[in-house]
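Notes to accompany the following structure.
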Amino acid sequence: MAEGLGALTAQATSLPRESRGPLAGVPFAVKDNIDLAGLPTTAGTSFLDRNLPPQSASVVSRLVDAGALAVAKTNMHVLALGVTSNNATFGPVRNPADRDRSAGGSSGGSATAVAAGSVPFALGTDTGGSVRIPAAFCGIVGFRPSTSRYPTDGSSASHGPGTLSGSSLTPSATSSPLTM
């Protein structure tokens, strides 16, 4: 994985400075209920394994436009309806500090990717703690912005108007504002 990230970073930094953007070359992961063009958005269920979105969600596109690199989709609790991220189809998400423990959910895969150091930040969705719970379980920061702060298009988390696809997970509170 490191070689792949190195190649992506090299590609991003080889662009002219004026076209790089403030997040040039910064890799990030996307919870699997947020659309990333060209990759399936399964929401953690095999029923959606052929769901290939034609375009990325606005929250992803904004980060990419700022130069960030979407490098992975992350596992999650099926349909974002749970707090363990135990997934019968794709396997349970484990806490990187103790693989016998849950990473929390439903954005557990995003929290694990950040806590393990695979990416400096990841996107998740949050209605009732789906970012904040795994952040607490994994020892990182989960940010849930105010409702309507970010567009919610391209997210299969449709549990109501309070669901936020612009929620982010970062290693520390000081790095959280960089993703907004």
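Just the heavy atoms: all of them, side chains too, but no hydrogens, waters or symmetry mates, feed the values below. Computed from a prediction, not measured in an experiment: that's the story for all the values here. Index from 1, following the sequence.
- F28 places a side-chain heavy atom less than 4.5 Å from the side chain of V64.
- Side-chain contact between R132 and R144: present, with at least one pair of heavy atoms (C-beta onward) separated by less than 4.5 Å.
- Looking at residues two or more places apart in sequence or on another chain, you find a side-chain contact (heavy atoms from CB on, under 4.5 Å) between V78 and T45, N87.
- For the pair N86 and P92, the tightest heavy-atom approach, listed with the atom from each and the gap, is OD1-CB, 3.4 Å.
- Contact check for L123 versus K31: no side-chain heavy atoms found under the 4.5 Å cut-off.
- Using a 4.5 Å heavy-atom threshold, the side chains of V26 and P120 count as touching.
- Residues N51 and P40 fail the side-chain proximity criterion, which asks for heavy atoms closer than 4.5 Å.
- The shortest distance between side-chain heavy atoms of F143 and D126 does not fall below 4.5 Å.
- In the model, T125 has a side-chain atom that pairs as donor or acceptor with a side-chain atom of N33 under 3.5 Å.
- Inspection of the T41 and K73 side chains reveals an N or O donor paired with an N or O acceptor under 3.5 Å.
- In this structure A97 satisfies the side-chain contact (heavy atoms from CB on, under 4.5 Å) test together with N95, sequence neighbours excluded.
- Here the side chains of S102 and V93 are not in contact, with every heavy-atom distance at 4.5 Å or above.
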